[in-house]
Amino acid sequence: MIEAVVFDVGETLVRDDRYWHDWADWLNIPRHTLSALVGAVVAQGRDNADAIRLLRPGTDIADEYRAREAAGQGEHLDETDLYPDVRPALAALREAGVRVLIAGNQTPRAGDLLRGLNLPADAIATSGEWGVAKPRTEFFEKVIGLAGTVPEHVLYVGDHPANDVAPAHAAGLRTAHVRRGPYGFLWASSPEAELADWRINGLDELPGIVTG
């Protein structure tokens with residue numbers, strides 16, 4: 001029985017195109033160059049921010065983020081950043097009586113932006129607000145607390161097998177791996193992805209899973 005569905009953010013609900021395009025523009029490098037390097041470091045199992053460090057060795061990502069914010073070029077999210085199945089799927093889950101939550105590795109600013117989109121969700125939280133990030137166990141303890149029920153009645157949905165599926169599974173949650181975004185496709189056959197209770201191609205499959 002699933003009482004709460006919790007969603008990752010990047011490449012689960014939100015496309016990361018704008019995120020990386022904005023970084024490329026800030027660094028004054030071609031967008032394709034940065035995108036290609038993100039793909040390369042992802043394939044190597046590295047932090048995707050290493051793409052920036054390859055281009056600008058020694059870069060402090062947090063310092064650069066603050067500089068972007070101060071220059072008025074910080075994070076931005078709007079309706080065009082959402083995958084098209086997001087609103088219908090979240091709305092259908094709520095109509096089915098399921099608690100819909102969003103919790104991912106994002107900044108407090110991203111949390112504010114997500115709340116500003118008025119998504120059909122009961123609560124939204126980010127790692128920046130919680131002070132703990134995936135894949136740490138403490139993050140998923142926060143998720144369970146947000147869901148307000150036992151772990152086995154919580155379904156965590158994400159694209160990243162190592163950050164989403166494996167640690168959520170270890171915390172006792174049910175899991176769904178969505179095959180989209182670089183991590184979702186590249187690591188779809190990984191041992192971590194195999195741990196998922198369900199493997200889906202889109203969020204529109206979730207209402208049938210939860211009610212079936």
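The first residue of the sequence shown is numbered 1, and numbering continues consecutively from there.
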Asker: Could you tell me whether the side chain of Leu27 reaches within less than 4.5 Å of the side chain of Arg56, counting heavy atoms only?
Answerer: yes
Asker: With side-chain contact (heavy atoms from CB on, under 4.5 Å) as the criterion, how do Leu101 and Ile124 come out once you've worked through the C-alpha distance, each side chain's angles and the decisive distance to 0.1 Å?
Answerer: CA-CA 6 Å; Leu101 308 165; Ile124 297 172; over 6 Å; no
Asker: Is any side-chain heavy atom of Ile52 less than 4.5 Å from a side-chain heavy atom of Trp20?
Answerer: yes
Asker: Are Val42 and Val165 connected in a single hydrophobic cluster, I mean Ile/Leu/Val/Met/Phe/Trp/Tyr linked by side-chain heavy atoms less than 4.5 Å apart?
Answerer: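 Not linked; separate clusters.
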Asker: What pair of heavy atoms forms the shortest contact from Trp187 to Pro161, and how long is it?
Answerer: O-CG, 3.5 Å
Asker: Would you say the side chain of Val157 lies within less than 4.5 Å of the side chain of Val5, judging by non-hydrogen atoms?
Answerer: yes
Asker: For Leu13 and Leu90, what are the C-alpha separation, side-chain angles and deciding distance, and is it a side-chain contact (heavy atoms from CB on, under 4.5 Å)?
Answerer: CA-CA 10 Å; Leu13 302 180; Leu90 271 60; 4.3 Å; yes
Asker: If you compare all heavy atoms of Gly10 against all heavy atoms of Asp8, which two are closest, and at what distance to 0.1 Å?
Answerer: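 Nearest pair, atom of Gly10 first, then Asp8: O-OD2, 3.1 Å.
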Asker: Measure across Ala176 and Ile200 and return the closest heavy-atom pair with its distance rounded to 0.1 Å.
Answerer: CB-CD1, 4.5 Å
Asker: If only side-chain N and O atoms count, and only distance matters, is there a donor-acceptor pair under 3.5 Å linking Gln106 with Ser127?
Answerer: no
Asker: Any side-chain to backbone donor/acceptor pair from Ser35 onto His32? Under 3.5 Å, distance only.
Answerer: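 Looks like no, no N/O pair under 3.5 Å.
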Asker: Val100, Leu206: one ILVMFWY side-chain cluster at the under-4.5 Å cut-off?
Answerer: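 Yes, Val100 and Leu206 fall within the same hydrophobic cluster.
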Asker: Can Arg18 and Glu75 be counted as an ion pair, charged N to O under 4.0 angstrom?
Answerer: no
Asker: Under the 6.0 Å and 45° cation-pi test, does Arg68 pair with Trp23?
Answerer: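 Yes, Arg68 lies over the aromatic ring of Trp23.
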Asker: Please find the pair of heavy atoms, one from Pro84 and one from Pro88, that lie closest to each other, and give the distance.
Answerer: O-CD, 3.5 Å
Asker: Salt bridge between Arg53 and Asp47, side-chain N to carboxylate O under 4.0 Å?
Answerer: yes
Asker: Once you round to the nearest 0.5 Å, how far does OG1 of Thr80 lie from CG of Asp78?
Answerer: 3.5 Å
Asker: Under a 3.5 Å threshold, yes or no: a donor from one side chain and an acceptor from the other, between Glu64 and Thr59?
Answerer: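 The answer is no; no qualifying pair exists.
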Asker: Closer than 4.0 angstrom, basic N to acidic O: yes or no for Asp81 and Arg15?
Answerer: no
Asker: Do Arg94 and Asp122 pass the side-chain contact (heavy atoms from CB on, under 4.5 Å) test, and can you show the C-alpha distance, the side-chain angles, and the key distance before you say yes or no?
Answerer: CA-CA 9 Å; Arg94 290 186 85 184; Asp122 296 289; 3.1 Å; yes
Asker: Rounded to the nearest 0.5 Å, how far does CD1 of Ile209 lie from CZ of Arg174?
Answerer: 10.0 Å
Asker: CD1 of Ile2 to CZ of Arg99: how many Å apart, nearest 0.5 Å?
Answerer: 15.0 Å
Asker: Looking at Asp159, Val86, Ile102, which one forms a side chain to side chain contact (heavy atoms under 4.5 Å, CB included) with Thr12?
Answerer: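 Answer after filtering Asp159, Val86, Ile102: Asp159.
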Asker: From Ile29 CD1 over to Leu55 CG, what is the distance, rounded to the nearest 0.5 angstrom?
Answerer: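 Those atoms lie 4.0 Å apart.
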Asker: Just wondering, do Phe7 and Leu93 contact through their side chains at under 4.5 Å, heavy atoms?
Answerer: yes
Asker: Do Glu79 and Arg87 have side-chain heavy atoms sitting under 4.5 Å apart?
Answerer: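 A side-chain contact under 4.5 Å exists here.
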Asker: Quick one: are Thr126 and Asn105 in side-chain contact, heavy atoms under 4.5 Å?
Answerer: no
Asker: Does the side chain of Arg31 reach to within under 4.5 Å of the side chain of Asp25, using non-hydrogen atoms?
Answerer: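 Of all side-chain heavy-atom pairs linking Asp25 with Arg31, at least one is under 4.5 Å.
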Asker: Is it possible for you to say whether Val38 and Ile61 belong to one hydrophobic cluster, with membership spreading through side-chain heavy-atom contacts below 4.5 Å?
Answerer: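 Yes: a chain of side-chain contacts under 4.5 Å links Val38 to Ile61.
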Asker: If I take atom CG from residue Leu173 and atom CG from residue Asp164, how far apart are they, to the nearest 0.5 angstrom?
Answerer: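 Interatomic distance, Leu173 CG to Asp164 CG, rounded to 0.5 Å: 11.5 Å.
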Asker: Quick one: do Leu82 and Val178 end up in the same hydrophobic cluster if we chain Ile, Leu, Val, Met, Phe, Trp and Tyr together by side-chain heavy atoms under 4.5 Å apart?
Answerer: yes
Asker: What heavy-atom pair brings Trp26 and Ala71 nearest, and what distance separates the two atoms?
Answerer: CZ3-CB, 3.8 Å
Asker: Testing Lys134, His177, His169 one by one against Tyr156 for a side chain to side chain donor-acceptor pair (under 3.5 Å), which residue passes?
Answerer: Lys134
Asker: Can you see whether Tyr83 has Arg180 sitting over its ring - NZ or CZ less than 6.0 Å from the centre and within 45° of the normal?
Answerer: yes
Asker: Do Tyr65 and Arg109 have side chains that get closer than 4.5 Å, going by heavy atoms?
Answerer: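 Yes, side chains in contact.
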Asker: Show the nearest heavy-atom pair for residues Pro151 and Ile144, with the distance to one decimal.
Answerer: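 Distance-wise, the nearest heavy atoms are CG-CD1, 3.7 Å.
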Asker: Could you give the distance from CG (Leu77) to CG (Leu113), rounded to the nearest 0.5 Å?
Answerer: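 CG of Leu113 is found 5.0 Å from CG of Leu77.
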Asker: Can a donor-acceptor pair be found, under 3.5 Å and without considering hydrogens, that links the side chain of Asp85 to the backbone of Leu203?
Answerer: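 Checking the backbone N and O of Leu203 against the side chain of Asp85, a donor-acceptor pair under 3.5 Å is found.
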Asker: When clusters are formed by joining ILVMFWY residues with side-chain heavy atoms under 4.5 Å apart, either directly or through shared neighbours, do Leu119 and Leu155 land in the same one?
Answerer: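 Yes, same cluster.
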